[in-house]
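Read the structure below first, then the notes.
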Amino acid sequence: MPMTPASPSLSPEVAIRVSGVSKQYSIGGRRRGQDTIREQLTARVRSLLRGGLGRSENATHLALRDVSFDVARGEVVGIIGRNGAGKSTLLKILARVTTPSAGHAQIRGRLGALLEVGTGFHPELTGRENVYLNGAILGMTRAEVARKFDEIIDFAEIHKFVDTPVKRYSSGMYVRLAFAVAAHLEPDILIVDEALAVGDFAFQRKCLGRLQAQAGSGRTVLFVSHNIGAIRMLCSRCILLEDGRVVLDGPVDAVIEKYVEQLGQQSAAKQVGPRHPDVGSGFLLHPREPVSDLTIFCGEAIVFDFDIEAEQPPGDARVGVSLRVTTPTGEYLVTMDSVVQRAGWLHGEEKHWNVRCDLGRLPLNEGAYFVWVTVCVYDDNSVKRFARFTNAFALHVLERDVFGWGNSLPRSRYWGPLYWAPEWQIQPAARLPATAPASSAGASDPTHQEAVAWQDSSA
């Protein structure tokens, strides 16, 4: 078997070792067994059709290419990369869901995995039965699962439905129970894919808190996510995958910086001619050079100047324009809207307008950003239709000493994407009295009196 358990060659300090792992999939192909004449004729016709379309029945895709790394026991490692980079394939190999085409992976200890909603659940079994089933899969005894059962159900918040077959659960209930089982049955190694994305905001916060607790308890965690903030918060090390290869393996900030640089290179908007919307229709956007790829220093004013063209005149309909500044990973930073600010709107029999938006000195720290443009047609106060131009403009901000203190403010976990210049007032404070005087309210409040007495005795 390509996937081997922990062996004597694996050091006790190493929880996971991936050595030269590659994974190849067939595209459009199928295994050939004892086909009937009808199946052979069908396969022959399909092959001819694919040949006419320039497709090969034996086409392959290499999802992972010679991936190697070690994860120390107790280490929390994030894995990032674009869609299709090979992240989920790697975790499935580690979880023994699939086997590698080449190389091998070794693990030391009991492994719990949350790869997608409901992985390892039997739809006909109840929530209670699936908790015990997953515990058995993880190698836990019934007594161990029973000890954690109430805590799992409390976390998942499915008390009323614990004895209902999980096939009747909503996706939210499914993922809450799946995560609760994976995180509370105390595996030595926990691997989590982007499954948390289907949960609501409150549940995601709860999950991140649980993962922080797991990381702080000395467990080994592999965490795949497109949420860069979560990667920064949880992980001390990060691995960047691109096209199935390990591009960079190192400190979180350095790897994220490389990832953002890649996104900027791949998505930089340098349009020639009109831009069609990514979502919606009815409008075209005409970037004006050099606004399509703007480079400024920290603290400089930002002005966007572009043209909007409508397929049909809006007539009496109100048409507004909004700009949204985002990080390369799609996190919203700030939104500007012409209708909200009552800056006028497009209307009448015209079909072509020039839009100029002066953002002023937007406090963006050093880094790469993008600007989305949305054109909305309003019917009364509701949006009737819209056209959204994702990553319409690329914005590159270069670091500079904006405060004149002798250093710039490089983008980092500490500073974040924005800098601010509040008004400070720092001065010596008057010495507080050693004994706090009892107020009229406190005189009738025994709890307050007790607190004051305790302060007096401690002084």
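For clarity, every value in this text was computed on a predicted model and none was experimentally measured. Note that these values count all heavy atoms, side chains included, but never hydrogens, waters or copies made by symmetry. Nothing fancy with the numbering, it's 1 onward along the sequence.
Counting heavy atoms from C-beta on, the side chains of Leu90 and Ile79 come closer than 4.5 Å. Residues Leu111 and Asp188 form no side-chain contact, since every pair of their non-hydrogen atoms from C-beta on lies 4.5 Å or further apart. Between Cys357 and Leu359, some side-chain heavy-atom pair lies under the 4.5 Å cut-off. By the 4.5 Å heavy-atom criterion applied to side chains, Val221 and Val77 are not counted as neighbours. Residues Ile16 and Glu75 are not in side-chain contact: their nearest non-hydrogen atoms beyond the backbone lie 4.5 Å or more apart. Side-chain contact check for Val325 versus Met336: some heavy-atom pair is nearer than 4.5 Å. Side-chain contact between Thr326 and Glu331 is absent, with no heavy-atom pair separated by less than 4.5 Å.
Under the 6.0 Å distance and 45° angle rule, Arg318 counts as a cation-pi partner of Tyr378.
In this structure, the separation between CH2 on Trp353 and CD1 on Ile308 is 9.0 Å, given to the nearest 0.5 Å. Taking CG of Leu333 as the start and CG of Leu362 as the end, the distance is 8.0 Å to the nearest 0.5 Å. For the atom pair CG of Leu364 and CZ of Phe297, the computed distance is 14.5 Å after rounding to the nearest 0.5 Å. Put simply, CD1 on Ile158 and CE on Met173 are 6.0 Å apart, with the number rounded to the nearest 0.5 Å. For the atom pair Thr89 OG1 and Leu94 CG, the distance stands at 11.0 Å (nearest 0.5 Å). Atom CG of Leu177 is separated from atom CD1 of Ile152 by 8.0 Å, given to the nearest 0.5 angstrom.
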Is there a salt bridge (charged side-chain N to carboxylate O under 4.0 Å, His left out) between Asp278 and Arg388? Walk through the geometry before answering. CA-CA 6 Å; Asp278 303 287; Arg388 185 175 67 209; over 6 Å; no
Test side chain to side chain contact (heavy atoms under 4.5 Å, CB included) applied to Val67 and Lys23, step by step: CA-CA 10 Å; Val67 173; Lys23 180 63 178 179; over 6 Å; no
Check the pair Glu242, Arg82 against salt bridge (charged side-chain N to carboxylate O under 4.0 Å, His left out), reporting the backbone distance first and the verdict last. CA-CA 7 Å; Glu242 178 64 27; Arg82 295 189 307 152; 3.2 Å; yes
Please evaluate residues Ile80 and Ile231 with respect to the criterion side chain to side chain contact (heavy atoms under 4.5 Å, CB included), reporting the C-alpha separation (whole Å), side-chain torsions for both, the decisive distance (0.1 Å), and the verdict. CA-CA 9 Å; Ile80 61 176; Ile231 293 286; 4.0 Å; yes
Starting from the C-alpha separation in whole Å, work towards a yes-or-no answer on salt bridge (charged side-chain N to carboxylate O under 4.0 Å, His left out) for Asp243 and Arg65. CA-CA 8 Å; Asp243 196 25; Arg65 306 164 186 261; 3.8 Å; yes
Assess whether side chain to side chain contact (heavy atoms under 4.5 Å, CB included) is satisfied between Asp307 and His352, documenting all intermediate values. CA-CA 7 Å; Asp307 293 343; His352 203 149; 3.6 Å; yes
Determine whether Arg210 and Glu151 satisfy the following criterion, salt bridge (charged side-chain N to carboxylate O under 4.0 Å, His left out), listing intermediate values before the conclusion. CA-CA 12 Å; Arg210 181 65 191 180; Glu151 189 177 347; 3.7 Å; yes
Full working for side chain to side chain contact (heavy atoms under 4.5 Å, CB included) between Arg96 and Ile107: CA-CA 11 Å; Arg96 299 187 178 94; Ile107 59 172; 3.3 Å; yes
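Looking at every heavy atom in both residues, Val319 comes nearest to Pro314 through CG2-CB, 3.6 Å. Closest approach of Thr126 and Asp163 over heavy atoms only: CG2-O, 3.3 Å. The shortest non-hydrogen separation linking Val145 to Val131 is CG1-CG1, 3.8 Å. Leu91 approaches Leu222 most closely through the heavy-atom pair CD2-CD1, 4.1 Å. Nearest heavy-atom pair, Thr374 versus Cys376, reported as atom, atom and distance to 0.1 Å: CG2-SG, 3.7 Å. Across all non-hydrogen atoms, the minimal contact from Tyr419 to Asn365 is CD2-N, 4.1 Å.
For Glu309 and Lys351, the salt-bridge test fails: no basic side-chain N is under 4.0 Å from an acidic carboxylate O. For the pair Asp249 and Arg237, the salt-bridge criterion is met [side-chain N within less than 4.0 Å of a carboxylate O].
In this model, no donor atom of one side chain and acceptor atom of the other lie less than 3.5 Å apart for Thr220 and Arg73. Ser22 and Asp66 share no side-chain donor-acceptor pair at under 3.5 Å.
Looking only at distances, no side-chain donor or acceptor of Asn130 sits under 3.5 Å from a matching main-chain atom of Leu133. At least one donor-acceptor pair under 3.5 Å links the side chain of Arg219 to the backbone N or O of Pro187. Side-chain N or O atoms of Lys87 include none that pairs as donor or acceptor with a backbone N or O of Leu241 at under 3.5 Å. Looking only at distances, a side-chain donor or acceptor of Ser68 sits under 3.5 Å from a matching main-chain atom of Gly20. Put simply, the side chain of Tyr369 gets close to the backbone of Pro417: a donor and an acceptor are under 3.5 Å apart.
Considering only residues two or more places apart in sequence or on other chains, His276 meets the ring pair (Phe, Tyr, Trp, His ring centres under 6.0 Å) condition with none of them. Scored by the ring pair (Phe, Tyr, Trp, His ring centres under 6.0 Å) test, Phe149 finds Tyr132 as partners (sequence neighbours excluded). Partners of Trp372 according to the ring pair (Phe, Tyr, Trp, His ring centres under 6.0 Å) rule, which considers only residues two or more places apart in sequence or in another chain, are Tyr332.
Classified by interplanar angle (parallel below 30°, tilted 30° to 60°, perpendicular above 60°), the ring pair Phe161/Tyr169 is perpendicular.
No more than 12 heavy atoms of other residues, nucleotides or ligands sit less than 6.0 Å from atom CZ of Arg361.
Residue Lys92 forms a side-chain contact (heavy atoms from CB on, under 4.5 Å) with just one option from Ile191, Asp193, Val97, and that option is Val97.
The ring of Phe370 has its center no closer than 6.0 angstrom to the ring center of Phe393. Separation of the Phe155 and His184 ring centroids falls under the 6.0 Å cut-off.
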